[in-house]
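Down below is the structure, laid out as structure tokens.
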Amino acid sequence: MDYGFWSLLPPLAAIVLAIRTKQVYLSLVTGIWLGWMIIHHWNPLSGTLATIQALVDVFKDPGNTRTIMFSALVGALIIFIQKSGGVQGFVHLLERIMKRYERGNNRRVVQLISALTGIVVFVESSISSLTVGALFRPVFDKLRISREKLAFIADSTSAPICILIPFNAWGAFVMSLLLTQGFDKPFHVMMSSMAYNFYPMLALAMVFFVIFTGRDFGPMRKSEQRTLEGTLTWPNARPMISDEITAVAPVPGIVFRTRNMIIPIAVMVLMMPVMLIYTGWPEEGVHRSFFSTAFHAIGQGSGSTSVLVSVITAILVSMILYRVQGLFKIREMVDLTMKGISGMMPLALLMLMAFAITAVCNALGTGRYAAEITRGWLSPGLVPLIVFLTSSFISFSTGTSWGTFGIMIAIAVPMAQSMGAEVLLVIAAVLGGGVFGDHCSPISDTTIISSMASACDHIDHVRTQLPYALAAGGIAALGYLIMGLA
């Protein structure tokens with residue numbers, strides 16, 4: 001059945017409500033409900049029952065279920081790493097490295113180490129920005145590097161690196177959204193699109209450009225000059241204090257060991273390609289050579305199975321590691337696992353609703369209709385640019401890149417396929433736009449955490465970071481325009 005204009009109502013309602021209310025969950029549920037109301041001819045009873053059933057049906061897809069399980073279990077791994085003292089051990093290792101450079105007043109090296117730390121902690125964006133801010137703030141203050149610069153580095157190496165190294169919940173979420181669009185090998189599609197994910201790469205490049213050249217511009221230059229003169233914050237600033245952040249404290253009296261963080265994360269990351277090779281290995285065996293077959297298998301493997309097995313393996317390895325050290329008993333580890341899973345429930349709910357709104361948009365033919373009405377005036381070459389700008393606007397207005405992914409993938413992919421636009425470029429435009437808007441937004445969780453961890457006035461952080469983000473975003477938009485028209 002052709003629903004025409006009505007097929008646009010659910011995603012548009014979700015977008016408008018998310019922008020006006022800042023309540024992404026409520027907005028997505030409303031969009032899903034409207035979609036099923038349309039399909040059921042505005043019958044409130046059958047439409048509401050269909051909405052409930054649609055949320056239940058998300059779990060009929062094994063890929064969706066595996067992804068939601070992975071996201072919940074990541075919470076267990078994170079709480080294990082924190083409780084075992086692994087994060088503190090990693091912090092102490094960095095502190096020993098930095099002392100060498102503090103004596104020489106080497107401002108550039110300390111900034112470089114802070115950026116690399118944010119890249120290393122790619123398992124979760126909030127932990128990345130929190131670790132960088134809290135760890136490096138005393139050193140930045142001592143070397144008279146502005147707290148705004150620290151917040152900028154912490155923020156710019158959190159979400160961008162999480163989407164570029166997607167062996168985490170970010171990657172699992174994106175793969176599942178691609179799976180709902182009919183891609184048999186979502187991991188291969190996601191990794192192939194990374195070559196066009198311009199904004200995260202440019203955001204990271206901007207960080208290293210500023211560090212190596214020392215060329216600040218906009219409000220950041222004034223903040224740096226103020227700090228060099230001995231004033232940490234502006235007179236009217238209200239720093240957000242990192243000590244107020246709720247964090248999981250390690251077991252009292254234990255020795256902080258870096259390996260308690262490095263080993264579990266390394267196991268999870270290394271298990272990803274192993275499982276992709278295993279699940280994608282051809283039944284007829286090796287074709288030409290083992291390495292060429294393995295490389296081919298990575299592109300054919302099951303992404304959702306791989307991430308789930310990887311995080312389970314990492315949790316089991318961490319349990320053995322911590323039990324050998326006598327840190328936890330079996331019952332304590334089970335309790336910590338449950339606590340970590342409960343902490344990730346908001347993320348799991350967001351995934352559930354994103355999958356459900358994708359399903360109802362597919363049922364309504366939203367992407368196809370959007371392609372039809374824009375075919376007369378919108379060139380296929382302009383689709384990547386329009387998608388990037390739209391995703392940026394939604395993400396900036398809502399403060400969430402994940403919510404943007406859930407809404408826009410359902411519209412952009414069918415639209416690109418119908419209009420003959422480059423699908424990989426469009427997928428990258430959604431991901432890049434979501435990260436760009438989230439990076440700039442003053443209501444984004446990573447932006448807020450970066451301000452808190454750096455003890456920086458939040459508005460000062462947003463103002464000083466915005467010119468750098470806009471510069472990278474402008475270049476990214478130009479890249480999508482050129483690539484789309486090429």
Side-chain angles (χ1 to χ4, degrees), residues 11 156 159-166 170-171 173-175 177-179 181-209 298-299 303 366-368 370-396 401-402 404-440 466-486:
S156 300
I161 200 63
C162 285
I163 196 67
L164 289 176
I165 306 181
W170 289 66
F173 183 46
V174 172
M175 281 190 289
L177 291 177
L178 295 176
L179 195 63
Q181 294 304 316
F183 293 103
D184 294 331
K185 306 300 175 187
F187 179 80
H188 178 71
V189 173
M190 179 181 67
M191 295 307 294
S192 299
S193 72
M194 288 302 168
Y196 308 109
N197 203 348
F198 302 136
Y199 179 76
M201 292 186 284
L202 288 167
L204 289 171
M206 182 67 73
V207 170
F208 290 105
F209 171 80
I298 287 177
T366 304
R368 293 192 303 273
E372 290 173 4
I373 63 174
T374 57
R375 196 185 304 274
W377 59 271
L378 180 61
S379 165
L382 293 177
V383 172
L385 174 63
I386 299 300
V387 166
F388 176 75
L389 295 177
T390 304
S391 299
S392 300
F393 176 71
I394 295 170
S395 184
F396 177 83
S401 50
W402 286 47
T404 303
F405 298 161
I407 294 171
M408 285 301 296
I409 287 288
I411 301 173
V413 170
M415 182 177 177
Q417 291 170 335
S418 298
M419 296 187 68
E422 176 56 55
V423 176
L424 292 179
L425 195 60
V426 170
I427 292 171
V430 172
L431 303 182
V435 173
F436 172 47
D438 182 50
H439 193 198
C440 298
L466 193 58
Y468 298 107
L470 289 175
I475 298 172
L478 182 62
Y480 288 118
L481 177 62
I482 295 172
M483 293 292 293
L485 295 176

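Index from 1, following the sequence.
Here CD1 of Ile427 is found 10.5 Å from CG of Leu177. Values are rounded to the nearest 0.5 Å. Expressed to the nearest 0.5 Å, how far CG of Leu202 lies from CE of Met206 amounts to 7.5 Å. One distance of note links CG of Leu382 with CG of Leu485; it measures 5.5 Å at 0.5 Å rounding. To the nearest 0.5 Å, atom CD1 of residue Ile394 and atom CG of residue Leu389 are 11.0 Å apart. In this structure, OG on Ser392 lies 12.5 Å from NE2 on His439, to the nearest 0.5 angstrom. Here the CE-CG distance, from Met194 to Leu424, works out to 11.0 Å after rounding to the nearest 0.5 Å.
Looking at every heavy atom in both residues, Gly484 comes nearest to Leu425 through N-CD2, 3.7 Å. Nearest approach of Ala469 to Cys440, heavy atoms of both residues: CB-SG, 3.5 Å. Between Met201 and Ala195, the shortest heavy-atom contact is CE-O, 3.8 Å. For the residue pair Phe183 and Val189, the shortest heavy atom distance occurs at CD2-CG2, 3.7 Å. The shortest heavy-atom contact between Pro380 and Ala421 is O-CB, 3.6 Å. The shortest non-hydrogen separation linking Gly473 to Phe388 is O-CE2, 3.8 Å.
When side chains are defined from C-beta on, Pro384 does not count as touching Met483, because their heavy atoms never get closer than 4.5 Å. Val435 is listed as a side-chain neighbour of Pro160, based on a closest heavy-atom distance under 4.5 Å. Looking only at side-chain heavy atoms (C-beta outward), Val413 and Val426 stay at 4.5 Å or farther from each other. Using a 4.5 Å heavy-atom cutoff, the side chains of Leu164 and Trp170 are not in contact. Proximity of Thr404 to Asp438: side-chain heavy atoms (C-beta onward) are nowhere separated by under 4.5 Å. When side chains are defined from C-beta on, Val174 counts as touching Ile163, because their heavy atoms get closer than 4.5 Å.
In terms of modelled atom types and a separation under 3.5 Å, the side chain of Ser401 and the main chain of Gly434 share no donor-acceptor contact. Distance alone, capped at 3.5 Å, is enough to place a donor-acceptor pair between the Ser193 side chain and the Met190 backbone.
Listed by chain and residue number, nothing satisfies the side chain to side chain donor-acceptor pair (under 3.5 Å) test with Ser391 (two or more places apart in sequence, or in another chain). The side chain to side chain donor-acceptor pair (under 3.5 Å) check on Tyr468 picks up Asp216, with sequence neighbours excluded.
Ring pair Trp402/Phe173 is parallel by interplanar angle, where below 30° counts as parallel and above 60° as perpendicular. The aromatic rings of Phe198 and Tyr480 sit tilted, their planes meeting at an angle between 30° and 60°.
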